[in-house]
Amino acid sequence: RENPVSEYDEANLRLRAKTILPVKVGELAENYGFKYKAVRINKGKTRWGSCSSRGSINLSLYLIQLPMYLIEYVILHELCHTVEMNHGVRFWALLDRCTDGKAKDLRKELRRYRIT
């Protein structure tokens, strides 16, 4: 059985996530020319992130536990959805341009992590 995250740990994660993730989204969006409406930090345990059809980026607070390069990959993935709202060929080509051709390798590496 998994150890649940204590309320203290969750509050600490949430504080770190709310401090770091929106800034990182802003930096990456500016660097790569993406536009988004808002960043929301949630308690999601099934997805690292998502992007609404209105351009709002939603990120799990648990994302903050990953290495920074994987955090950046997830954020770039969601920012790419502000342009391509699917996982088609154009989406992966765009994400590849943002990750120096490493999109699929980063996705594979991310799958080794679980939200806890």
- prompt: Can you check side-chain contact (heavy atoms from CB on, under 4.5 Å) on V25 and F34, steps first, answer last?
  reply: CA-CA 10 Å; V25 172; F34 291 108; over 6 Å; no

field: side-chain contact (heavy atoms from CB on, under 4.5 Å) assessment of L79 paired with I75
entry: CA-CA 6 Å; L79 286 169; I75 292 170; 3.8 Å; yes

- request: Determine, stepwise, if the pair E109 / Y73 fulfils side-chain contact (heavy atoms from CB on, under 4.5 Å).
  value: CA-CA 10 Å; E109 188 170 347; Y73 165 75; over 6 Å; no

task: Give the intermediate values and the outcome of side-chain contact (heavy atoms from CB on, under 4.5 Å) for residues L21 and I71.
output: CA-CA 8 Å; L21 297 179; I71 292 172; 3.6 Å; yes

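The aromatic rings of H87 and H77 lie tilted to each other, with the angle between the two planes from 30° to 60°.
Applying the side-chain hydrogen bond (donor to acceptor under 3.5 Å, both in side chains) criterion to Y32, with sequence neighbours excluded, gives no partner residue. In this structure, Y36 has no ring-ring contact (aromatic ring centres under 6.0 Å, His included) partners at least two apart in sequence or on a different chain. Qualifying side chain to side chain contact (heavy atoms under 4.5 Å, CB included) partners for S56, counting only residues two or more places apart in sequence or in other chains: A38, R40, S52, N58. In terms of the salt bridge (Lys or Arg N to Asp or Glu O under 4.0 Å) criterion, K102 has no residue partners (sequence neighbours excluded). Evaluation of the salt bridge (Lys or Arg N to Asp or Glu O under 4.0 Å) rule for R90 yields E84 as partners, not counting sequence neighbours.
Neither I41 nor L15 shares a network with the other; the hydrophobic side chains, linked directly or stepwise wherever heavy atoms of I, L, V, M, F, W or Y lie under 4.5 Å apart, form separate groups for each. The hydrophobic clustering, which links ILVMFWY residues whose side-chain heavy atoms are closer than 4.5 Å, places L70 and M68 together.
The stretch residues 26-35 participates, sequence neighbours left out, in these salt bridge (Lys or Arg N to Asp or Glu O under 4.0 Å) pairs: K24-E27.
Although no hydrogens or angles enter the test, the distance criterion places no donor-acceptor pair under 3.5 Å between the side chain of S60 and the main chain of W48.
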